[in-house]
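Read the numbers this way: they start at 1 and go in the same order the structure lists the ligands and their atoms.
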Amino acid sequence: AEVNLGNVRRNLHTLRRAADGSAIFGVLKADAYGHGAPAIGRTLERAGVDGFAVALLEEAIELRDAGIQKPILVMGGYYGQAWGEVLAARLLPVVYDAGQIEGLARAIRFADRDPVKVHLKLDTGMARLGVRPGELAHILDVFRRFPEVELDGLMTHLACADADDPSATRAQLELFDRMCADVRAAGFHPTVRHAANSAALLSHACSLEIVRPGVALFGVP
Ligand SMILES: *Cc1c(COP(=O)(O)O)cnc(C)c1O
């Protein structure tokens, strides 16, 4: 698809105002929704975006190979055993199960690296991937056992932020709040939380430390 990079810059500035102080991680999954992730990424980085989010490890590595320096969050969680690549490309992995934490910890030990920050994905109603409330205590135990993996962020995905009725999103955000409080009560101190996609950001449904707009970068709110 043709894309006007000037429009992408303007859309970022519009989102910056809506974000009201939250950091903006531009979502460039699926080759930036077909617009070409390397060019879009470089444009956003020069325009002052705070970070990027992609679905797949390969998408993150493509952005690094294109010269992108800002943090890159890998949201999908399909790493296989490619933890060495996560470390080499200095990525910010999203995790949601014990095997991922253990695999990453072993890679960090093997490479004799400093601890690596990760974000934990919480399932608040999407029924896809993520830690459910009943599983939270167990996953926090796993983090305790592997201190090389530092729980620095908490995220969730809002299933229906673009629906007319905001009640489902409100319920998800309330559950997210409670789970974040449980994490802190368990003695962890993640520095960032994020939930909002484009629809949630533009409807001011939530403003946490980070927002994750994708489609709105291309002017299709
Ligand atoms: C795709 C995606 C986004 C961005 O969604 P838009 O509707 O394109 O803004 C944010 N978070 C996650 C987890 C996603 O998968």
Side-chain angles (χ1 to χ4, degrees), residues 1 3 7-20 22-37 40-41 43-44 47 49-60 62-63 68 70-79 86 91-97 100 118-132 152-166 168-169 172-173 175-176 179-180 190 192-221:
V3 59
N7 287 344
V8 172
R9 270 192 296 275
R10 269 190 295 284
N11 293 336
L12 177 65
H13 294 313
T14 304
L15 293 172
R16 179 67 74 194
R17 281 191 294 278
D20 196 24
S22 301
I24 297 179
F25 275 40
V27 179
L28 300 188
K29 64 190 178 192
D31 198 27
Y33 299 68
H35 294 95
I40 300 288
T43 298
L44 290 170
V49 81
D50 299 289
F52 297 94
V54 293
L56 306 173
L57 178 58
E58 302 86 86
E59 295 172 331
E62 183 188 25
L63 286 176
I68 294 297
K70 289 280 163 81
I72 304 174
L73 185 74
V74 185
M75 300 188 295
Y78 303 105
Y79 306 101
V86 171
L91 304 176
L92 189 48
V94 170
V95 299
Y96 48 80
D97 76 33
Q100 295 165 329
V118 301
H119 290 195
L120 179 64
K121 186 171 193 170
L122 303 177
D123 179 4
T124 57
M126 190 68 190
R128 283 204 311 209
L129 302 169
V131 175
R132 285 184 216 107
D152 191 53
L154 298 170
M155 69 174 285
T156 195
H157 186 56
L158 300 172
C160 24
D162 53 357
D164 290 332
D165 178 2
T169 294
Q172 275 198 269
L173 288 169
L175 178 54
F176 186 53
M179 292 178 79
C180 291
V192 289
R193 298 161 297 166
H194 45 106
N197 56 7
S198 298
L201 168 57
L202 292 170
S203 65
H204 302 280
C206 79
S207 62
L208 300 166
E209 288 78 25
I210 297 174
V211 293
R212 307 186 307 261
V215 70
L217 292 166
F218 309 103
V220 196

TODO: Report the nearest protein non-hydrogen atom to atom 5 (O) of ligand 1: residue, atom name, distance rounded to 0.1 Å.
DONE: Asn197 CB, 3.4 Å

TODO: Might you point out which heavy atoms bring Ser198 and Gly214 nearest each other, and give the distance in Å?
DONE: OG-N, 3.2 Å

TODO: Below 4.0 angstrom from a heavy atom of Pro213, which ligand 1 atoms are there? Numbered from 1 as shown, please.
DONE: 9 (O)

- [ ] Name the closest protein heavy atom to atom 11 (N) of ligand 1, giving the residue it belongs to and the distance to 0.1 Å.
- [x] Arg212 NE, 2.9 Å

- [ ] Side-chain contact test, heavy atoms from C-beta onward, threshold under 4.5 Å: evaluate it for Asp50 versus Arg16 and give yes or no.
- [x] yes

Open item on the list: I need the nearest protein heavy-atom contact for atom 1 (C) of ligand 1: residue, atom name and distance, please.
Closed with: Lys29 NZ, 1.5 Å

- [ ] Tell me, with the steps shown, if Phe176 and Leu158 meet side chain to side chain contact (heavy atoms under 4.5 Å, CB included).
- [x] CA-CA 10 Å; Phe176 186 53; Leu158 300 172; over 6 Å; no

Task: Parallel, tilted or perpendicular: ring planes of Phe218 versus Tyr33, cut at 30 and 60 degrees - done: tilted

Open item on the list: So, regarding Val215 and ligand 1 (criterion: nitrogen or oxygen to nitrogen or oxygen, under 3.5 Å), is there a contact or not?
Closed with: yes

Task: Shortest protein heavy-atom distance from atom 9 (O) of ligand 1, along with the residue and atom involved - done: Ser198 OG, 2.5 Å

TODO: Answer yes or no: is there a donor N or O on one side and an acceptor on the other, between the side chain of Thr169 and the main chain of Pro166, under 3.5 Å?
DONE: no

- [ ] Looking only at protein heavy atoms, identify the closest one to atom 8 (O) of ligand 1 and say how far it is in Å.
- [x] Tyr33 OH, 2.5 Å

Open item on the list: Suppose we measure from atom 13 (C) of ligand 1 to each protein heavy atom; which comes out shortest, and what is that distance?
Closed with: His157 ND1, 3.4 Å

Open item on the list: With a cutoff of 4.0 Å, is Ala216 in contact with ligand 1, counting heavy atoms of the residue only?
Closed with: no

TODO: Pick one of side chain, backbone, both or neither for how Met75 approaches ligand 1, counting any non-hydrogen atom pair under 4.0 Å.
DONE: side chain

- [ ] Report yes if Ala199 has an N/O atom closer than 3.5 Å to an N/O atom of ligand 1; otherwise report no.
- [x] no

Task: Side-chain heavy-atom pair Glu59, Ile72 within 4.5 angstrom cut-off - done: no

- [ ] Give a yes or no answer on whether the side chain of Asp31 reaches the backbone of Ala37 with a donor-acceptor pair at less than 3.5 Å.
- [x] yes

- [ ] Enter the distance from Thr43:OG1 to His35:NE2 here, rounded to the nearest 0.5 Å.
- [x] 12.0 Å

